[in-house]
Amino acid sequence: MGQDARQRWQQRYEAALAGGKVRDADFTTLSGVEVDPVYGPADEASVENFERIGYPGEFPFTRGLHATGYRGRAWTIRQFAGFGNARQTNERYKMILAEGGGGLSVAFDMPTLMGRDSDDPRALGEVGHCGVAIDTAADMDVLFDGIDLEATTTSMTISGPAVPVFCMYLVAAERQGADLGKLNGTLQTDIFKEYIAQKEWLFAPEPHLRLIGDLMEYCAANIPAYKPISVSGYHIREAGSTAAQELAYTLADGFAYVELGLSRGLDIEAFAPGLSFFFDAHVDFFEEIAKFRAARRIWARWLRDVYGAQTEKAQQLRFHTQTAGVSLTAQQPDNNITRTAVEALAAILGGTQSLHTNALDEVLALPSAKAAHIALRTQQVIAEETGVLNVADPLGGSWYVEALTDEMERQAEEIFTRIKDMSADGTMTAGILRGIEDGWFTGEIAEAAFVYQRALEKGDKKVVGVNTLTGSVEGEEPLEILRVSHEVEREQKAELTGRRQDRDDEAARAAVQRMVEVGRTEANMLPAMLDAVRAEATLGEICDALRAEWGQYTEPARF
Ligand SMILES: C[C@H](C(=O)O)C(=O)SCCNC(=O)CCNC(=O)[C@H](O)C(C)(C)COP(=O)(O)OP(=O)(O)OC[C@H]1O[C@@H](n2cnc3c(N)ncnc32)[C@H](O)[C@@H]1OP(=O)(O)O
């Protein structure tokens, strides 16, 4: 790379400028000082292994994906939201978009996340509580009523029943008259992290991975901009892992999806850009920034050197970030605004593409409208007032941040080796599946959580309001909590009964049966699943049919 990395960056930047890809905005400090779009060493040769750092927009992307950084485009403000029924959530989305939110992010309720209908006895008491209840494509129509799906990028956080829910989304877009090939958005789909940390699975890994393979194939062929998998470290971290474990397990899961795509004969240049990532931004500011920078570098290196991706688009790690829910405290909850702001800043300085900031009351309940508003404004204050959009990777070259980035990478590589050592056939996939079966991941995470908890109890690590500076704060008012009425459940069940009555029942059942039959062949299941959804088959009916066919997953017991 040598001395001319800066020149290559300059050419890229100028090309972007000439192409109108740099926003027309004020890029000076508050006091009016002109600042460059990026900074680097005067003499690249004087920095050991400078090519591991480089410039933004160039392999290995340690300093970011784009030569222009946030001067080209700021991160997407994507607030995760959903509660009650589709109508209530639609109103919240319209509020988010009207207030400057850049994209949507759907939170589903627990029955939906588990592939159960709202009238399933197991859903009792849960309908609409931790997210929105979606039973059929008609609910999706209401969820996105008045929101142009072709023009809005939407993320859907669902993994077990991701594929049928995605089919409902496509059908809703189809009914809006959207060109499906132009849709852009993200589906979580990451089943590995369910087995490792979150535990919202439906079937055993094997049939599940087949379905995910079908989804990858379908999207790469038909909806090129869509990201069918959001490989998620967030839940691994929230379960108690360290930053390096979060990084390594997540990237290893990502490698396994690459292996899945390759095993299906898909073109890595076409499907790798559809793998996006989702990380936690915890409260240790510098460690988190280092983690994000290391993530980009490791991914680019492995995609190029191990899996043979040639194009930059296929080597680039794109990620969404959510501030750390586990860092929030029920004690002195107003302090959560401060924690969230610091964590958001870490994500931004780490070069995130998309960001959710938690509401101060999320430790207690779903966000109230006021708390959701403050969380949104937190991102906007950072974006509009602090100057962070002016300079790409402003901490690049900091001795501390570079050393910590190297350390994150070293630890992650060590973990990859341990996972590979568990693999019977040398693939990352076999190592991960073995680690899941043996409870290795859950054991490692539990151990890390234990070490941190002990440090908290000894007072080596501190949390304000919890183990230091405790007690009530003068003038603090009790929080107003959002409560979802049980009425929602009654209404949603009545709605579902009505839909079952209105549809051609025979046609819906036959379509589900056809989908099951396609599943017995090697053909892609998505077209048949789409037909079932068009016939208003419910999520529970589709998932039950697949559960009956493939069996349910039970976690191996571990003591
Ligand atoms: C905890 C909770 C739970 O479990 O309960 C959860 O899981 S919540 C989980 C919630 N999950 C999420 O919200 C996941 C969100 N994920 C995403 O939005 C995506 O996967 C993402 C991370 C790739 C971000 O996508 P995005 O569309 O918002 O942002 P992008 O950065 O891709 O930007 C959009 C377009 O602008 C382009 N672009 C961006 N910046 C620049 C620049 N400086 N110069 C030139 N072009 C640029 C990109 O290449 C892209 O174009 P082009 O498209 O042409 O390349």
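Model, not experiment: these values are computed from the prediction. Both ligands and their constituent atoms are indexed starting at 1 by order of listing. Numbers here are sequence positions counted from 1. Computed over heavy atoms, backbone and side chain alike; hydrogens, waters and symmetry mates excluded.
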We want to know whether [X] and [Y] form a side-chain donor-acceptor pair, criterion being a heavy-atom distance below 3.5 angstrom.
X	Y	answer
T68	K21	no
T250	R237	no
N90	R87	no
D190	Y257	yes

Distance from [atom] to nearest protein heavy atom, with residue and atom:
atom	value
atom 2 (C) of ligand 1	F80 CE2, 3.5 Å
atom 3 (C) of ligand 1	H235 NE2, 3.6 Å
atom 53 (O) of ligand 1	N184 ND2, 3.7 Å
atom 10 (C) of ligand 1	T157 OG1, 3.2 Å
atom 29 (O) of ligand 1	T76 OG1, 3.6 Å
atom 54 (O) of ligand 1	K313 NZ, 4.1 Å
atom 31 (O) of ligand 1	Q353 CG, 3.0 Å
atom 27 (O) of ligand 1	R78 NH2, 3.9 Å

Is ligand 1 under 4.0 Å from a heavy atom in the side chain of [X], in the backbone, in both, or in neither?
X	value
Q322	side chain
W75	neither
Y70	neither
H356	neither

Over-ring placement of R71 relative to F27, 6.0 Å and 45° cut-offs: yes

Are any of the N or O atoms of [X] closer than 3.5 Å to those of ligand 1?
X	result
K21	no
T186	yes
Y234	no

Under 4.0 Å between a Lys/Arg side-chain N and an Asp/Glu carboxylate O for [X] and [Y]?
X	Y	answer
E409	R301	yes
K291	E288	yes
R8	E58	yes

Name all residues meeting the salt bridge (charged side-chain N to carboxylate O under 4.0 Å, His left out) criterion together with R73; count only those two or more places apart in sequence or in a different chain, and write none if there are none.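 So R73 forms no salt bridge (charged side-chain N to carboxylate O under 4.0 Å, His left out) with any residue.
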
Test F319 against every option in Y234, F61, F279 by the ring pair (Phe, Tyr, Trp, His ring centres under 6.0 Å) rule and name the one that passes. F279

Return yes when R71 approaches ligand 1 closer than 4.0 angstrom through a heavy atom, no otherwise.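 Under 4.0 Å: no for R71.
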
With the threshold set at under 4.0 angstrom, would you say G69 reaches ligand 1 through any of its heavy atoms? yes

Are F441 and Y195 an aromatic pair, judged by ring center distance below 6.0 Å?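 Aromatic pair excluded; centres sit 6.0 Å or further apart.
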
Ligand-side contact atoms (ligand 1) for residue partner [X], heavy atom cut-off under 4.0 Å:
X	value
Q198	4 (O)
S105	10 (C), 13 (O)
S155	11 (N), 12 (C), 13 (O), 14 (C), 15 (C)
T68	42 (C), 43 (N), 44 (N)
R318	23 (C)
Q188	7 (O), 9 (C)

Does atom 8 (S) of ligand 1 have any protein heavy atom closer than 4.0 Å? yes

I'd like to check atom 23 (C) of ligand 1 in this structure: does the protein have a heavy atom lying under 4.0 Å from it?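 At least one protein heavy atom is under 4.0 Å away.
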
Looking only at non-hydrogen atoms, find the nearest pair between A133 and V127 and report the distance.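 Distance-wise, the nearest heavy atoms are CB-CG1, 3.8 Å.
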
Knowing that exactly one of R12, R318, R296 qualifies, which makes a salt bridge (charged side-chain N to carboxylate O under 4.0 Å, His left out) with E312?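 With E312 as partner, R12, R318, R296 yield a single salt bridge (charged side-chain N to carboxylate O under 4.0 Å, His left out), made by R12.
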
Can you tell me which residue among D117, D109, D135 is in a side-chain hydrogen bond (donor to acceptor under 3.5 Å, both in side chains) with Q492? D135

Show me, pair by pair, the donor-acceptor contacts under 3.5 angstrom made by side chains of residues 356-365, not counting sequence neighbours?
residue : atom : partner : partner atom : Å
H356    : ND1  : F80     : N            : 2.7
H356    : NE2  : N358    : OD1          : 3.2
T357    : OG1  : Q79     : OE1          : 3.4
T357    : OG1  : Q79     : NE2          : 3.3
T357    : OG1  : A375    : O            : 2.8
T357    : OG1  : Q379    : NE2          : 3.2
N358    : OD1  : Q322    : NE2          : 2.9
N358    : ND2  : T323    : O            : 2.7
N358    : ND2  : T323    : OG1          : 3.2
D361    : OD2  : S368    : N            : 3.0
D361    : OD2  : S368    : OG           : 3.3
E362    : OE2  : A359    : N            : 2.5

Could you pull out, from H66, R73, K227, the option with a heavy atom nearest to atom 46 (N) of ligand 1?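 When every heavy atom of H66, R73, K227 is considered, H66 comes closest to atom 46 (N) of ligand 1.
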
